[in-house]
Amino acid sequence: MMETWLGDLDFHLIAQGRHWNLADRLGAHPMRHGGHEGVRFAVWAPNAQSVSVVGDFNGWNADVDKMYLHRNAGVWEAFVTDARPGQRYKYALHDAVGRLLPFKADPLARQTELPPATASVVPEAQEFVWTDADWLAERPARQSRAAPMSIYEVHFGSWRRPAHGESLWDREGRELIRHVADMGFTHIELLPVTEHPFGGSWGYQPLGLFAPTARYGTPTDFAAFVDACHAQGIGVILDWVPAHFPTDAHGLVRFDGTALYEHEDPRQGFHPDWNTLIYNYGRHEVRNLLLASALEWTRRYHVDGLRVDAVASMLYLDYSREPGQWRPNVHGGRENLEAVGFLRDLNTLLQEEVPGVMVIAEESTAWPGVTAPVAEGGLGFQYKWNMGWMHDTLHYMGHDPIHRRYHHHDMTFGLVYAWSEHFVLPLSHDEVVHGKGSLFSRMPGDDWRKFANLRAYLGFMWAHPGRKLLFMGGELAQRAEWNHDGELDWGALQDSRHAGMQALVRDLNTLYHRLPPLHAGDSRPEGFEWLVGDDVENSVFAFLRWHAGECVLVICNMTPVPRHGYRLGVPRDGPWLERLNTDASDYGGSGVGNHGRVVAIPTPSHGRPFSLELVLPPLATLMLVPQDDSRGVAP
């Protein structure tokens, strides 16, 4: 028997599915052992007849470096003296009847070679030296539900195209950080950077759950990017995919000749929408792999949040399936009880192990309590993407203004359930691909109306309860839909109208930070008050945002008709300052407005003792504050 590096506690925790340091024990680890330099390899493959390590160090010969099986845990282990950091490797497994399987990449690999190549890479032993202690100490307060959160969603490889041979995390990362800081976003959300074989999946079909993709640089480069974000006061959120994995032969599919990570029954284990395989959440070791991956990104790489993709597909056994194509749970229902348990474990674990980290659900149904605490029967997420708000409001904005009176409810319905969960309002990558067009192109009318509509819509979004998320290019009013093989249309900023949209988003973020009513009351119904929600004929909406006695008045005119003398009841008399006008000439608008100030008079209206007589610019959103509540200077 070989001398083992793994111990009984490791095997016990792996079998229980509770080894939170799994990536430190399995995978490839350079070390000195018995007076020799080498690499320790370990992999879980309980049903294999034999396993070898193959790689650059042994000519990819499966007969050289055979591994030893710890039968009580199904873990194979070997120490290879000829292996060194930077070398490629895989595992050669024979199944239970002795058939050699396709060479498998390491499920716990911390580094991979550049796709389309598929080998794992032995990582460097030296750890990254972090400089973000102050950020981590402040993070719980920065990411509390009382703090502003404005997210810039990015597909890193197509934000800008890199020069040949350069690390994207290095050069492009520095430019991205400068851009996000200048625009006033609090967070960058990265489409998945876990290693994935097919670039066209945008990372949503990953196989390397512990490895930053080699497309953008090394693991050290990625750590340095996160550290640099924190130095500029910017949080980092990763899209993370525990819902399914692709069927590539070098990956997890029938890893040891059996359905190890997936279900044997395709009614449980095959995803018909994406032709992928579904993790077996009922297996302790599989849950452990996923939970350890979440800890890897949040502990090892100091990531500030995970956005869990495709949660709805995890929660329902009949998701996208016809009758007879799915198996009910033990109670005869459609809920995936094992997935529910996994998600609760995920959120509980992260709050225990990495306090202050956020977990956000992309959940598109009415599943109750997505953001309710686990102790109260909820799933325990901090936030949920508000897909209903996004679909309804984009549907409204897509109509010609003359028809909007018939769809008025699309803009107001989100307030019926706005406090049932803690929401993020997402204008995400999914809304600007697959022929949908860009946000700009989805607005009706000629160029003038498209720009005005989009400005008004973004103003409405930033004033509406819920955290903000905007996919890259939205701040430029990019005309073409997103192309992951290209880059953003940075040249559009030579046009003053596109530059004006960028200026507007920057100012929206500034006001969102400076005016607590716009963010601090998101989670409480008393933070919002309708003034006018039923002006169907004029397509006007007006409401107040409240916090600690301070208020912000928001008015949206969603037609191209300027409205003069529009009387609106307000709670206070005296001067009100026009802090934002999306029709301002600085943003490329027509410059119609209230000259920065309007005085409330003691004429009752809308059930209030005072009122303002306003000019409502065409296709525009206004924000006003009582002069005594004004904070800072106008952006």
Side-chain angles (χ1 to χ4, degrees), residues 150-161 172 176 179-180 183 185 187-193 198-205 237-239 241 273-274 307 309-310 360 362 364 385-399 410 423-445 447 449-462 464 466-493 495 497-502 504-506 508-509:
S150 177
I151 304 167
Y152 187 62
E153 189 191 31
V154 176
H155 178 261
F156 195 73
S158 59
W159 188 74
R160 285 191 192 270
R161 302 305 293 180
E172 310 306 326
L176 174 60
H179 178 72
V180 170
M183 293 298 297
F185 289 96
H187 289 74
I188 295 171
E189 180 173 325
L190 297 168
L191 272 60
V193 298
F198 176 49
S201 77
W202 315 328
Y204 289 102
Q205 294 191 11
I237 301 168
L238 296 189
D239 280 15
V241 188
D273 282 355
W274 303 309
R307 201 275 317 203
D309 182 64
I360 303 169
E362 185 210 19
S364 55
W385 272 20
N386 194 336
M387 311 290 279
W389 176 91
M390 177 268 296
H391 285 297
D392 289 347
T393 58
L394 278 175
H395 180 259
Y396 176 91
M397 295 303 301
H399 285 287
D410 283 339
F423 285 119
V424 172
L425 308 181
L427 293 180
S428 74
H429 64 281
D430 280 330
E431 306 317 309
V432 293
V433 290
H434 300 320
K436 295 176 183 175
S438 66
L439 290 179
F440 176 83
S441 69
R442 294 178 69 164
M443 301 295 113
D447 262 16
R449 294 190 183 203
K450 287 182 184 295
F451 278 107
N453 271 301
L454 184 53
R455 290 193 303 265
Y457 181 42
L458 293 178
F460 173 79
M461 173 184 176
W462 255 254
H464 193 286
R467 283 28 193 143
K468 323 304 174 191
L469 181 143
L470 183 66
F471 185 58
M472 64 183 199
E475 80 279 21
L476 311 179
Q478 181 163 301
R479 292 171 180 265
E481 73 174 23
W482 171 51
N483 173 15
H484 72 271
D485 289 325
E487 69 173 8
L488 297 188
D489 183 13
W490 295 104
L493 292 176
D495 184 323
R497 297 169 299 176
H498 291 275
M501 190 70 70
Q502 184 183 36
L504 171 65
V505 174
R506 183 186 294 113
L508 284 170
N509 277 330

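Predicted, not measured: the structure shown is a model, and the values here were computed from it. Heads up: numbering here begins at 1 and tracks the sequence.
Note: I360 CD1 to I237 CD1 = 4.0 Å, rounded to the nearest 0.5 Å. Atom OH of Y152 and atom CG of L190 lie 11.5 Å apart (nearest 0.5 Å). Atom CG of L470 and atom CG of L508 lie 10.0 Å apart (nearest 0.5 Å). Interatomic distance, L191 CG to D309 CG, rounded to the nearest 0.5 Å: 9.0 Å. In this structure, CG in N386 is found 7.5 Å from NE2 in H464, a value given to the nearest 0.5 Å. Rounded to the nearest 0.5 Å, atoms CG (D410) and CE (M397) are 11.5 Å apart.
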Inset, instruction - Would you sort out whether M387 and D430 count as a side-chain contact (heavy atoms from CB on, under 4.5 Å), showing the intermediate values? - result: CA-CA 11 Å; M387 311 290 279; D430 280 330; 5.5 Å; no
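In this structure, W389 and F460 approach most closely via the heavy-atom pair NE1-CE2, 4.0 Å. The shortest heavy-atom contact between L425 and M461 is O-CE, 3.3 Å. Taking each heavy atom of S438 and A480 in turn, the nearest pair found is CB-O, 3.5 Å. Closest of all the heavy-atom pairs between M443 and K450 is O-NZ, 2.6 Å. Across all non-hydrogen atoms, the minimal contact from E172 to W159 is O-CZ3, 4.0 Å. Contact record, L476 with H498: O-ND1, 2.8 Å, taken as the closest heavy-atom pair.
In this structure the side chain of F440 never reaches within 4.5 angstrom of the side chain of V432, judged on heavy atoms. Side-chain contact between E189 and V424 is absent, with no heavy atoms from C-beta onward closer than 4.5 Å. Between L427 and M390, the closest side-chain pair of non-hydrogen atoms falls below 4.5 Å. At a threshold of 4.5 Å between non-hydrogen side-chain atoms, the residues L488 and Q478 count as touching. F471 has its side chain out of reach of L439: every pair of non-hydrogen atoms, C-beta onward, lies at least 4.5 Å apart. Contact annotation: the side chain of R506 never approaches that of E475 to less than 4.5 Å [non-hydrogen atoms, C-beta and beyond]. Using a 4.5 Å heavy-atom threshold, the side chains of D239 and W202 count as separate. Counting only heavy atoms from C-beta outward, the side chains of E481 and H434 never approach each other to under 4.5 Å.
With sequence neighbours excluded, the residues that form a salt bridge (charged side-chain N to carboxylate O under 4.0 Å, His left out) with R442 are E431. In this structure S364 satisfies the side chain to side chain donor-acceptor pair (under 3.5 Å) test with no other residue, sequence neighbours excluded. Considering only residues two or more places apart in sequence or on other chains, E153 meets the salt bridge (charged side-chain N to carboxylate O under 4.0 Å, His left out) condition with none of them. Shown here are the side chain to side chain donor-acceptor pair (under 3.5 Å) partners of D392, two or more places apart in sequence or in another chain: there are none. Qualifying side chain to side chain contact (heavy atoms under 4.5 Å, CB included) partners for S158, counting only residues two or more places apart in sequence or in other chains: H155, R161, M472, W482. Residues passing the side chain to side chain donor-acceptor pair (under 3.5 Å) test with N509 are S150, W462, sequence neighbours excluded.
Applying the side-chain contact (heavy atoms from CB on, under 4.5 Å) test between V180 and each of I151, I188, V154 identifies I188 as the sole match.
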